[in-house]
Amino acid sequence: MTPAPVIIAIDGRSGAGKTTLAIELAAQLRNHHKVALFHLEDIYPGWNGLTAGIERYVSTVLTPLSRAEPATWTSWDWERHYDGDTRVTLPAEIVIIEGVGAAAADARPLLSAVIWADSPDDIRRKRALDRDGGTYEPFWDQWAEQEEAWLAADDVPHAADIRVLNNADGSATADVMQALAYLPALGPALVPELAARRGLRLRAERLDARPDAAVLFENLYGGSANAVWLDSSNADVGGADMANAGSPKPSAGAPAGPPPESWPATQPSPATVRSRFSILADDGGTYGQAVTHRSGESVITAGSATARVPGPFFRWLDTVWGRRAVRTPDGYPGDFTLGWLGCLGYELKRETGGTDVAAPTPDAALIFAGRAVVLDHVEGSAWLLALEAPDADSWLATARAAVAASTPDSGAQTAHAGGSNGVVRPVGAAFSSRDTEPSYLAKIAAAQHEIHEGNSYEVCLTTTLTARLPAAAVAPWPTYLALRRKNPAPFASYLRFGGLTVASTSPERFLKITSDGGMRAEPIKGTRRRGADPERDRQLREDLETSLKDRAENIMIVDLLRNDLSHFAEPGSVTVSRLCEIESYATVHQMVSTIDARLLPGSPRAEAVAACFPAGSMTGAPKISTMAILDRLEEGPRGLYSGAIGYFSLNGATDLAVAIRTLVTTAEAGDGSGQPSTAELTLGVGGAITADSVPDEEYDEIRVKAHGVLSALGADFPTD
């Protein structure tokens with residue numbers, strides 16, 4: 001029995017470039033497949049025949065082809081305005097059908113994929129008339145009216161798997177090919193194309209340079225709609241001496257806490273190791289792509305094409321990440337070898353045992369970087385990474401020049417580096433809280449009741465601070481630079497996805513998986529503010545170090561993470577290498593532990609990440625029952641806060657931070673009535689509640705955690 005073919009419909013209004021796209025797509029697919037191509041213009045019965053033509057096409061062409069049977073159909077003679085000869089279209093491994101109505105409602109159940117081609121009206125008319133000349137021009141308006149009437153009753157664009165903006169610049173076919181590979185229904189048929197996508201060659205260049213990372217990011221990606229900077233912003237704080245367990249030289253006005261004695265001066269501290277690399281990238285170039293996920297659907301943009309893929313996010317991630325697709329360059333010391341970068345929101349918990357809660361921000365937002373700059377702060381070098389592509393040489397030249405121009409003493413442009421750290425505070429950034437102090441204290445009491453009832457051991461209760469401002473008053477980029485200066489952290493990051501900006505100064509690693517399978521989680525539980533003088537600072541640090549309550553919180557999360565890691569770890573490989581160590585940052589002291597494991601060979605890495613998500617330090621224990629308690633108590637989504645920020649590399653490595661100390665800015669367009677556009681700023685804060693928690697102290701802790709971000713904005717913690 002002949003297997004049913006893969007049938008791809010390319011639909012769109014007249015002049016959208018469907019025919020050219022279909023021919024070029026068929027030519028590419030014929031490298032590995034037998035392809036049949038059908039044009040609906042051959043079957044429409046005249047200039048008033050759109051509806052009748054769709055009916056003929058579905059019954060006489062599509063139906064038999066979908067059964068792998070030859071299609072016998074009657075053509076239309078456009079010169080005689082009458083039925084033409086009888087023709088036969090043979091089935092093939094892949095059938096491409098193009099024309100207005102190719103993806104009509106009656107056709108869609110028989111199709112494997114629907115592509116909708118868009119083009120601006122002026123381009124469509126010119127393209128159609130250039131092709132068919134005077135034959136079509138007298139009937140343009142008549143045909144267009146039929147198209148609009150049909151689309152008013154059948155929203156094909158909304159039903160499309162892929163939408164492509166076909167601007168006749170030659171990019172559409174390559175972009176559609178990238179997007180097709182993401183559609184699950186086409187995966188089995190496109191095995192050769194998928195194999196080629198994984199057979200990538202990585203180019204790498206090492207430059208001896210210490211560029212100003214902020215200036216370099218602005219020079220390379222200041223104009224990019226989507227860009228990511230995974231910024232080890234404490235790497236250069238305190239000069240070369242970073243060996244004191246994450247105790248950088250604080251910014252002006254902040255105290256320098258005493259270094260712990262447990263780290264020999266010759267041994268790099270954990271904070272030094274975490275802060276070695278910074279990664280700067282956007283989604284430009286041949287391989288550049290972006291994905292957002294919301295409530296069970298991933299939308300992937302590849303140049304001019306956009307694909308919609310239903311299904312869980314972690315299932316999608318497993319199709320694009322986890323297998324080694326590139327070889328690590330000789331001499332390159334980093335784990336990131338290009339790939340996906342961005343953030344995962346807390347509401348992805350719906351896929352890992354939590355309930356389904358909708359958030360206003362995406363559940364995930366990532367870019368695929370086919371080229372990037374990696375800064376090695378230990379060796380003082382910049383690595384330029386690029387996948388082999390026609391535009392690789394030009395980008396490498398641009399990146400070399402940008403690194404040179406961003407390096408101190410290299411010219412006038414570097415003078416911008418000092419100014420780039422200045423504060424540009426939003427005007428009137430008055431935050432309100434989802435919870436008043438009394439309501440938050442009441443929720444603490446409710447959490448303790450759940451603990452006393454045996455429903456949880458520890459509840460990581462959070463709330464959200466929000467400010468709404470005119471968009472013109474919001475300055476996400478200089479605001480982030482102010483944040484990183486005031487509160488440098490090993491997992492700081494700046495992410496821009498169109499109107500969504502994430503500015504994070506997170507000190508906490510969620511999960512790291514190296515390319516060879518090493519796994520590490522480093523939860524933080526226990527926080528004290530920095531003191532106003534060295535003696536007071538020492539007392540606060542000692543208070544945290546000797547706090548039985550904070551140690552109990554930390555140890556409970558360590559046990560939870562040991563369990564999370566064990567799901568995909570080699571038996572016996574889970575170990576706790578550091579327990580309840582104190583690390584000091586510019587505004588806080590933190591209690592940190594380290595859990596290590598080794599990934600079981602052959603395990604799906606995306607599922608290993610999912611098994612640990614969300615971070616146990618942001619839920620409590622046991623995780624699933626406690627998340628349900630939190631849904632009831634918090635009465636709203638967390639969004640990106642409490643999720644993760646980092647990368648998924650082409651060599652199978654990942655390094656993700658917990659999204660805390662994180663300011664999220666969402667631009668909102670005006671409603672068209674003359675009202676100015678606005679922006680919403682959100683900041684999540686919270687803390688672990690145990691049976692021994694003192695409510696007033698817990699409320700003071702969330703004020704301390706919010707201080708590092710709010711003070712950089714010139715804002716105060718809300719009082720009502």
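All heavy atoms count here, side chains included; hydrogens, waters and symmetry mates do not.
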Go through the side-chain N and O atoms of Thr19 and Glu98 and say whether any donor and acceptor fall under 3.5 Å apart. yes
Checking side-chain polar atoms at under 3.5 Å, does Ser14 have a donor or acceptor matched by the opposite partner on Glu147? yes
Would you compute the distance between atom [atom1] of [X] and atom [atom2] of [Y] and round it to the nearest 0.5 angstrom?
| X | Y | atom1 | atom2 | result |
| --- | --- | --- | --- | --- |
| Asp391 | Leu396 | CG | CG | 9.5 Å |
| Gln178 | Ser304 | CD | OG | 10.0 Å |
| Asp283 | Leu366 | CG | CG | 11.5 Å |
| His39 | Ile96 | NE2 | CD1 | 9.5 Å |
| Ile94 | Leu37 | CD1 | CG | 12.0 Å |
| Arg108 | Leu62 | CZ | CG | 12.0 Å |

Heavy-atom pair with the smallest gap, counting every atom of [X] and [Y]:
| X | Y | value |
| --- | --- | --- |
| Val6 | Ala189 | CG2-CB, 3.6 Å |
| Ala113 | Leu186 | CB-CD1, 3.7 Å |
| Ala227 | Tyr221 | CB-CB, 4.0 Å |
| Ala402 | Asn219 | O-ND2, 4.2 Å |
| Asp282 | Ser224 | OD2-OG, 2.7 Å |
| Leu375 | Ala382 | CD2-CB, 3.7 Å |

Would you say the side-chain atoms of [X] pair up with the backbone N or O of [Y], donor to acceptor, closer than 3.5 Å?
| X | Y | result |
| --- | --- | --- |
| Asn166 | Ala172 | no |
| Arg13 | Ser119 | no |
| Asp318 | Glu607 | no |
| Thr678 | Pro470 | no |
| Asp356 | Arg350 | no |
| Asp11 | Ala102 | yes |
| Arg294 | Pro360 | yes |
| Thr20 | Gly17 | no |
| Glu351 | Pro312 | no |
| Glu347 | Ser295 | no |

Is there a side-chain contact between [X] and [Y] in this structure, where contact means two heavy atoms from C-beta onward sitting under 4.5 Å apart?
| X | Y | answer |
| --- | --- | --- |
| Val326 | Leu387 | yes |
| Arg371 | Tyr287 | no |
| Val609 | Arg605 | no |
| Thr398 | Leu220 | yes |
| Tyr494 | Asp231 | no |
| Asp42 | Trp73 | yes |
| Leu183 | Ile162 | yes |
| Leu500 | Leu640 | yes |

Hey, mind stepping through Phe217 and Trp477 against ring pair (Phe, Tyr, Trp, His ring centres under 6.0 Å) and telling me if it holds? CA-CA 11 Å; Phe217 184 83; Trp477 172 242; 5.4 Å; yes
So, do Trp321 and Phe368 have ring centers that fall under 6.0 Å from each other? no
Would Asp161 and Arg308 satisfy side chain to side chain contact (heavy atoms under 4.5 Å, CB included), going step by step from the backbone distance to the final call? CA-CA 5 Å; Asp161 300 294; Arg308 310 182 78 89; 5.9 Å; no
Over 60° means perpendicular and under 30° means parallel, so tell me whether Trp78 and Trp76 are parallel, tilted or perpendicular. perpendicular
Using 30° and 60° as the class boundaries, would you call the ring planes of Phe277 and Tyr332 parallel, tilted or perpendicular? tilted
Between Phe336 and Asp655, does the side chain to side chain contact (heavy atoms under 4.5 Å, CB included) criterion hold? Intermediate values first, please. CA-CA 9 Å; Phe336 176 72; Asp655 201 358; over 6 Å; no
With Trp340, which of Trp316, Tyr647, Phe313, Phe648 fulfils ring-ring contact (aromatic ring centres under 6.0 Å, His included)? Trp316
Hey, mind stepping through Ile645 and Val228 against side chain to side chain contact (heavy atoms under 4.5 Å, CB included) and telling me if it holds? CA-CA 10 Å; Ile645 298 172; Val228 170; over 6 Å; no
Note: Arg203-Asp393 ion pair, threshold 4.0 Å (strictly below): yes
Stepwise side chain to side chain contact (heavy atoms under 4.5 Å, CB included) test for Ile97 and Tyr57: CA-CA 10 Å; Ile97 300 171; Tyr57 144 66; 3.6 Å; yes
Results of ring-ring contact (aromatic ring centres under 6.0 Å, His included) for Trp143 - residues two or more places apart only: Tyr44
Decide ring pair (Phe, Tyr, Trp, His ring centres under 6.0 Å) for Tyr480 and Trp229; before the verdict, give the C-alpha distance in whole Å, the side-chain angles of both, and the deciding distance to 0.1 Å. CA-CA 11 Å; Tyr480 172 66; Trp229 177 15; 5.6 Å; yes
